[in-house]
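Report on the structure given below.
All ligand and atom numbering here is 1-based and tracks the order in the structure.
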Amino acid sequence: MSVTTYQNYIGGEWVAAKSGETFESRSPADADVLLGRFAASGAADVDAAVTAASEARASWRRTSAIARANILHKAAEILASRVNDVGRELTIEEGKTLKEGIGETGRAVQILRYYAGEAQQPDGEHYPSANPNTLLYTVREPVGVVGVITPWNFPIAIPAWKIAPALAFGNTVVFKPATYTPLLAVRFVEALAEAGLPPGVVNLVTGSAGGVGDPLIDDDRVTAISFTGSEPVGRSVAKRVSARGGKVQLELGGKNPAIVFADADLDHAVNHLVSGAMWSSGQKCTATSRALLDASIADEVTRRLTERIGGLATGDPLADSTQVGPVISDEAVNRILGDIESAESEGARLLAGGSKLEGDGRERGNFVAPTLFGEMNPESRFGQEEVFGPVLGITTVKDMDEALEIANSVRFGLSASIFTSDLGKAMHFINGIDAGIVHVNAETPGAEPQVPFGGYKSSSSYSREQGKSARDFYTQIKTVYVDLPSPA
Ligand code: NAP
């Protein structure tokens, strides 16, 4: 079968890496499935992309917001017309189930539409002046060339929620997607290119962290970097970008708690604990990784979770019956198995899963059995660190104070849930939890694009993505004093 070689998109042209080298993208569910070859780019390709973005900057900035919005609308329609095909490719390339793959692609469409609307919202404010003859106002202008660096776990939604607002507010973009998911990046950029985005406004450069990420981060012409990924990489990116005076935004990891009280609807809570922890193989920054169970219902909920998690259908993500697909890579399997081993050695009690899965073709992919631990010590490494896989740990708590103390004891603060029918308890939790996103009676993942998204503490950089907050990162404020001539 012939294999397509995909290229970078620079200055409005699809071009090979200057070195001519390529890398492969293979399915995490089956290493025999090759999705394509992609440009293995380096510093020279990044330089060309940044040059193209810099050259396009002035005219894109002058393009009316209405014209920019029209292009985003058109890109949304193009992607919407392909949602099933692209969603299927997402499932093959990233490994989440087909329902999730199509759902995520639909989310990217929704984000494009949302920012087409946002582009047309007011972009400044008018103020009274001490001088009656002064017209005093602010206007938000683009920051310039934005570098967008994204992870593989939401290979089209995250690029969409960074690139759509960047473009809507008049910036040009150089996009470095994760090495594991270049095809979805190509699909997103194809929709923008076909929608009529002028050359140089969006540039895609595929390749490794060192080959593409490093030169992009260090290029002075790149005014701002929006990064989503792991905490150590994010911190080092921020240091480097800040050191050269650039603007930087980080969205990083989580160790998200869900607290269940005795007055909750337990069937509902268990459903949400399972989906929150296990869908997308637990590879969501907002995945539920800690279940904090009120002592009076802990045994019952643990029993139900053990049964449900132990029975999840794990396998080919394209199959209708599959609930949990593979994890992204062989290295991820080994890392997660290492975390499982270390959780056991720290005293957590293995209740379900805990091993690599093989058989039924799964030996060709990267499958970890959905895993449940009881007796997770909140102070242990397992209780503190992100696993980023299908692993949930249970800790029993005696009351709200203890639940909040444990929930807040980690350095992350992305998302948190409480399950209760007591409004007072819910409000106490909402007010006391250190998290950027709080759900009452729903799983910790789940975010709508019209509201701010981001975490407290080490989960973020005190900035927010999505919703109206995106305007803060992708624009800068100009304050204008117009002293009008006195009337004659
Ligand atoms: P990662 O290893 O940090 O990679 C993220 C992106 O950064 C990739 O494009 C990667 O390129 C690039 N990169 C890595 N090292 C770099 C360097 N030294 N310089 C420049 N770029 C570099 O993270 P990941 O494994 O893809 O993603 C998983 C992590 O992302 C988890 O911690 C998860 O919680 C977090 N996440 C957070 C959010 C959020 O919104 N808070 C959302 C999703 C995921 P390569 O692919 O080429 O290595």
Open item on the list: According to side chain to side chain donor-acceptor pair (under 3.5 Å), who are the partners of Glu194, at least two apart in sequence or on a separate chain?
Closed with: Arg82
Open item on the list: Using heavy atoms and a 4.0 Å limit, tell me yes or no: is Gly207 in contact with ligand 1?
Closed with: yes
Open item on the list: Is a donor from one side chain sitting under 3.5 angstrom from an acceptor on the other, for Arg140 and Thr475?
Closed with: yes
Open item on the list: I need the contact type for Asn153 against ligand 1. Using non-hydrogen atoms and a strict under-4.0 Å cut-off, is it side chain, backbone, both or neither?
Closed with: side chain
- [ ] Tell me, please, whether Phe154 has Lys96 positioned over its six-membered ring: NZ or CZ under 6.0 Å from the ring centre and within 45 degrees of its axis?
- [x] yes
Open item on the list: How about NZ on Lys99, more than 12 heavy atoms from neighbouring residues, nucleotides or ligands closer than 6.0 Å, or not?
Closed with: no
Open item on the list: Just to check, does Ile158 reach to within less than 4.0 Å of ligand 1 when the distance is taken from its heavy atoms?
Closed with: yes
TODO: Looking only at distances, please establish whether an N/O atom of ligand 1 is found under 3.5 Å from an N/O atom of Glu231.
DONE: no
Open item on the list: Heavy-atom distances under 4.0 Å decide this one: backbone, side chain, both or neither, for Tyr180 against ligand 1?
Closed with: neither
TODO: Measure from atom 35 (C) of ligand 1 to every heavy atom in Gly229, Gly147, Gly454, Gly253 and give the option owning the shortest one.
DONE: Gly229
Task: Carboxylate-amine/guanidinium proximity below 4.0 Å for Asp339 and Arg381 - done: yes
TODO: Show which atoms of ligand 1 fall inside a sub-4.0 Å distance from at least one heavy-atom site of Asp214.
DONE: 18 (N), 19 (N)
Task: Minimum heavy-atom distance between Gly315 and Thr322, given as atom pair plus value - done: O-CG2, 3.5 Å
Task: Contact check, Trp152 vs ligand 1, heavy-atom distance below 4.0 Å - done: yes
TODO: Determine whether any heavy atom of Phe227 lies closer than 4.0 Å to an atom of ligand 1.
DONE: yes
Task: Residue Thr228 vicinity, atoms of ligand 1 by number, heavy atom under 4.0 Å - done: 5 (C), 36 (N), 37 (C), 38 (C), 39 (C), 40 (O), 42 (C), 43 (C), 44 (C)
Open item on the list: For Glu251, is there an ion pair with Arg464 - N to carboxylate O distance below 4.0 angstrom?
Closed with: no
Task: Nearest candidate to atom 15 (N) of ligand 1, where distance is taken over non-hydrogen atoms, out of Ala209, Cys285, Ala178, Ser460 - done: Ala209
Task: Top protein contact for atom 37 (C) of ligand 1, by heavy-atom distance - done: Leu252 O, 2.8 Å
TODO: Please check if the distance between the ring centroids of Trp152 and Phe388 is under 6.0 Å.
DONE: yes
Task: Heavy atom of the protein closest to atom 3 (O) of ligand 1 (residue, atom name, distance) - done: Ser230 OG, 2.6 Å
Open item on the list: I need the nearest protein heavy-atom contact for atom 28 (C) of ligand 1: residue, atom name and distance, please.
Closed with: Phe388 CE2, 3.6 Å
Open item on the list: Using a 4.0 Å cut-off to any heavy atom of Thr179, which atoms of ligand 1 qualify?
Closed with: 45 (P), 46 (O), 47 (O)
Task: Minimum-distance protein heavy atom relative to atom 27 (O) of ligand 1 - done: Pro151 CB, 3.4 Å
Task: atom 9 (O) of ligand 1: nearest protein contact (heavy atom, Å) - done: Thr150 O, 2.7 Å
Task: Inter- and intrachain pairs under salt bridge (charged side-chain N to carboxylate O under 4.0 Å, His left out), touching residues 276-292, at least two apart - done: none
Open item on the list: Is it the case that over 12 heavy atoms from other parts of the model lie below 6.0 angstrom from the CD atom of Glu379?
Closed with: no
Open item on the list: Assess, by modelled atom type and distance only, whether the side chains of Thr288 and Glu443 contain a donor and an acceptor separated by less than 3.5 Å.
Closed with: no
Open item on the list: Among all the protein's non-hydrogen atoms, which is closest to atom 11 (O) of ligand 1, and how far away is it?
Closed with: Lys176 NZ, 3.1 Å
Task: Other residues, nucleotides, ligands: >12 heavy atoms within 6.0 Å of Glu363 CD - done: yes
Open item on the list: Strictly below 4.0 Å, N to O, side chains only: are Glu190 and Arg187 in salt-bridge contact?
Closed with: yes
- [ ] Within a distance under 4.0 Å of any heavy atom of Ser208, pick out the atoms of ligand 1 and give their elements.
- [x] 47 (O)
Open item on the list: As an exercise, identify every atom of ligand 1 less than 4.0 angstrom from a heavy atom of Gly213.
Closed with: 20 (C), 21 (N)
TODO: Inspect the surroundings of OH in Tyr456 and state if more than 12 heavy atoms from other residues, nucleotides or ligands are less than 6.0 Å away.
DONE: no
Open item on the list: For the residue pair Gln249 / Ser461, report whether a side-chain donor-acceptor contact shorter than 3.5 Å exists.
Closed with: no
Open item on the list: Give the atom numbers and elements of ligand 1 that come within less than 4.0 Å of a heavy atom of Ile217.
Closed with: 19 (N), 20 (C)
- [ ] Give the numbers and elements of all ligand 1 atoms closer than 4.0 Å to a heavy atom of Ile149.
- [x] 6 (C), 7 (O), 9 (O), 12 (C)
TODO: Return a yes/no value for Ser459: is any of its N or O atoms, backbone included, closer than 3.5 angstrom to an N or O of ligand 1?
DONE: no
Task: Ligand-residue contact atoms, ligand 1 with Glu386, heavy atoms, under 4.0 Å - done: 31 (C), 32 (O), 33 (C), 34 (O)
Task: Protein contact for atom 32 (O) of ligand 1 (heavy atom, distance under 4.0 Å) - done: yes
